[in-house]
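Report on the structure given below.
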Amino acid sequence: MSLVLAVNAGSSSLKISLFRRTADNAANPVLLLSSSISSIFAPPAKFKFSFVAPQHRSLNEVVDSIHDHASAFTYFLDRLKEEASVDLIDIKHIAHRVVHGGDYISPVIIFEDSYHHIKRLSDLAPLHNGSALSVIKSANETLPHAKSIAFFDSAFHKDLPTHVATYAINQQVAQERGLKKYGFHGLSYAFILRAVATHLNKAPDTVNIIALHIGSGASMCAIRNGQSIDTTMGLTPLSGLPGATRAGDIDASLIFHYTSRSPARMSHDPSISKEVKVTEAEDILNFKSGWKALTGTADFKEITEKADMSDSTITRTADPNTLAFRIMLDRILHFAGAYYLALHGDVDALVFAGGVGERSAELRRAVGEVAVCLGFAGIDETKNSQVNEEEGIIVDIGCSDERKRMLVCHTDEQLEMARECSLANEFWI
């Protein structure tokens with residue numbers, strides 16, 4: 001039996017799916033079970049383990065022994081042997097989601113050189129690359145017979161137009177240091193593209209969509225003829241939309257005034273200025289900003305429940321939850337409009353995905369109320385409120401099929417990795 005583990009390491013979580021691959025149907029690996037471990041750095045960790053087959057029991061445990069991603073992965077393997085009676089020798093490949101691949105534009109088997117290449121990029125994706133490397137190292141130690149393969153979020157955006165990927169800075173320095181827009185959430189966007197193409201009965205290379213992957217990390221992507229032509233994240237996942245703890249787009253000079261010794265005013269006076277190291281700036285903008293900095297919580301559902309939705313025309317608010325919601329909405333509309341123009345108005349659908357995108361009926365409604373002016377279908381309130389009750393990967397929440405579609409996609413990065421891994425014949429020689 002040929003089994004593939006698909007591993008998705010978040011900043012403080014780990015999602016793992018186990019698939020069975022058959023050579024005669026490599027494009028459709030079969031999901032056997034899935035697991036998620038959360039609160040890894042805020043013990044006790046929460047461990048979930050569920051089978052597709054109903055005869056097996058599911059687990060929902062609190063675990064004190066999990067304290068990092070490596071111990072989380074080891075705990076999963078122990079439960080896999082105990083609960084599923086899986087012979088670990090049958091796991092042939094381990095597909096790892098790696099956020100930043102730099103110049104790597106296709107999956108690579110992890111050897112010493114590729115491991116160190118990913119490690120050098122960790123500073124550009126501080127919330128994720130380090131976690132992925134921790135699991136890769138653990139996998140190589142505990143499953144030495146299996147191939148660990150890195151699948152890069154940045155690879156989906158490899159064909160960005162030069163003028164989109166280039167920053168207006170000295171190009172000699174930029175090229176020497178690889179300073180350009182890379183883009184992320186690529187595995188999700190690849191899955192969304194295929195799913196929407198199937199739903200619309202179109203070939204993937206004819207699909208034009210504006211896709212939103214909105215979760216604790218949030219981004220958008222303009223896809224024309226099946227290729228990414230622009231995306232909100234850039235050199236790192238920090239730019240673009242705000243996230244749970246990320247600032248999103250800001251004036252680049254803000255961080256210097258933010259850390260100034262003079263809290264009352266902006267100043268270039270050397271006596272009150274402060275040297276800001278890259279690590280400090282990234283810590284503030286990656287970990288101490290976003291919705292949580294505005295409201296005190298990283299839970300967008302809680303923010304939405306507390307926000308005032310009664311009158312969207314009011315331009316000023318003192319309520320932090322309303323402010324956070326409106327900031328998110330404003331930034332989404334900003335990029336949606338830009339991407340609509342970039343696609344010359346030839347857009348098949350606007351697609352919501354990710355934890356917030358798939359669960360927040362309020363955010364979808366707010367975006368939809370404005371998107372109708374661009375020819376998108378109005379939101380059907382019943383469909384919008386029942387998205388998670390509908391079967392299928394794609395849910396159409398629009399009132400009409402005659403206008404540009406409003407869709408929700410239940411994205412699956414693990415399945416996308418397993419599929420790509422299963423189809424790559426060079427990995428099975």
Side-chain angles (χ1 to χ4, degrees), residues 8 10-13 15 36 38-42 46 48 99 127-128 184-185 188-189 192 210-221 231-233 237-250 285-312 314 317-336 350-371 379 381 384-389 395 397 406-413:
N8 187 344
S11 57
S12 62
S13 64
K15 294 186 286 188
S36 66
S38 59
S39 302
I40 289 176
F41 296 115
K46 301 175 180 64
K48 295 181 180 179
V99 169
L127 289 177
H128 292 281
F184 306 98
H185 286 142
S188 179
Y189 290 131
I192 292 167
I210 299 171
L212 298 81
H213 181 107
I214 311 295
S216 57
S219 74
M220 295 173 62
C221 183
T231 187
T232 55
M233 290 179 169
L238 180 57
S239 64
L241 301 175
T245 62
R246 289 185 183 125
D249 278 350
I250 61 168
L285 298 175
N286 273 299
F287 298 98
K288 297 175 180 177
S289 300
W291 321 323
K292 188 174 182 180
L294 293 167
T295 66
T297 179
D299 186 344
F300 197 79
K301 182 175 184 291
E302 181 182 338
I303 291 169
T304 303
E305 289 172 346
K306 293 178 179 179
D308 180 5
M309 306 287 185
S310 60
D311 189 351
S312 60
I314 297 174
T317 178
D319 175 65
N321 296 287
T322 305
L323 178 61
F325 184 88
R326 290 185 181 175
I327 286 174
M328 193 66 191
L329 175 61
D330 173 79
R331 304 317 189 256
I332 289 172
L333 296 178
H334 168 83
F335 286 110
L350 192 151
V351 189
F352 296 90
V356 174
E358 294 171 36
R359 296 189 185 99
S360 179
E362 296 85 357
L363 183 62
R364 295 193 298 265
R365 181 188 307 114
V367 173
E369 287 174 352
V370 182
I379 297 289
E381 277 305 315
N384 189 40
S385 63
Q386 296 177 353
V387 163
N388 294 318
E389 300 172 21
V395 180
I397 59 173
M406 297 291 285
L407 306 176
V408 178
C409 177
H410 296 295
T411 191
D412 191 333
E413 292 157 318

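Treat the numbers as computed from the prediction; the structure is a model and nothing was measured.
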message: Do D249 and R331 have side chains that approach each other closer than 4.5 Å (heavy atoms only, starting at C-beta)?
response: no

Which heavy atom of [X] sits nearest a heavy atom of [Y], and at what distance?
X	Y	value
A244	A298	CB-CB, 3.9 Å
T411	I192	OG1-CG1, 4.1 Å
I379	G368	CG1-CA, 3.9 Å
C409	V351	CB-CG1, 3.8 Å

- prompt: If you measure from the Lys or Arg side-chain nitrogens to the Asp or Glu carboxylate oxygens, is any gap between E369 and R365 under 4.0 Å?
  reply: no

field: side chain to side chain contact (heavy atoms under 4.5 Å, CB included) involving A293 - partner list, sequence neighbours excluded
entry: none

message: In terms of relative ring orientation, are H185 and H213 parallel, tilted or perpendicular, with 30° and 60° separating the classes?
response: parallel

message: So for atom CZ, which belongs to R326, do other residues, nucleotides or ligands contribute more than 12 heavy atoms lying within a distance under 6.0 Å?
response: yes

So, the side chain of [X] versus the backbone of [Y]: is there a donor-acceptor pair under 3.5 Å, distance only?
X	Y	value
T245	S289	no
N384	I397	no
R364	E358	yes

- request: Name all residues meeting the side chain to side chain donor-acceptor pair (under 3.5 Å) criterion together with T322; count only those two or more places apart in sequence or in a different chain, and write none if there are none.
  value: D319

- prompt: For F352, what residues pass the ring pair (Phe, Tyr, Trp, His ring centres under 6.0 Å) criterion, not counting sequence neighbours?
  reply: none

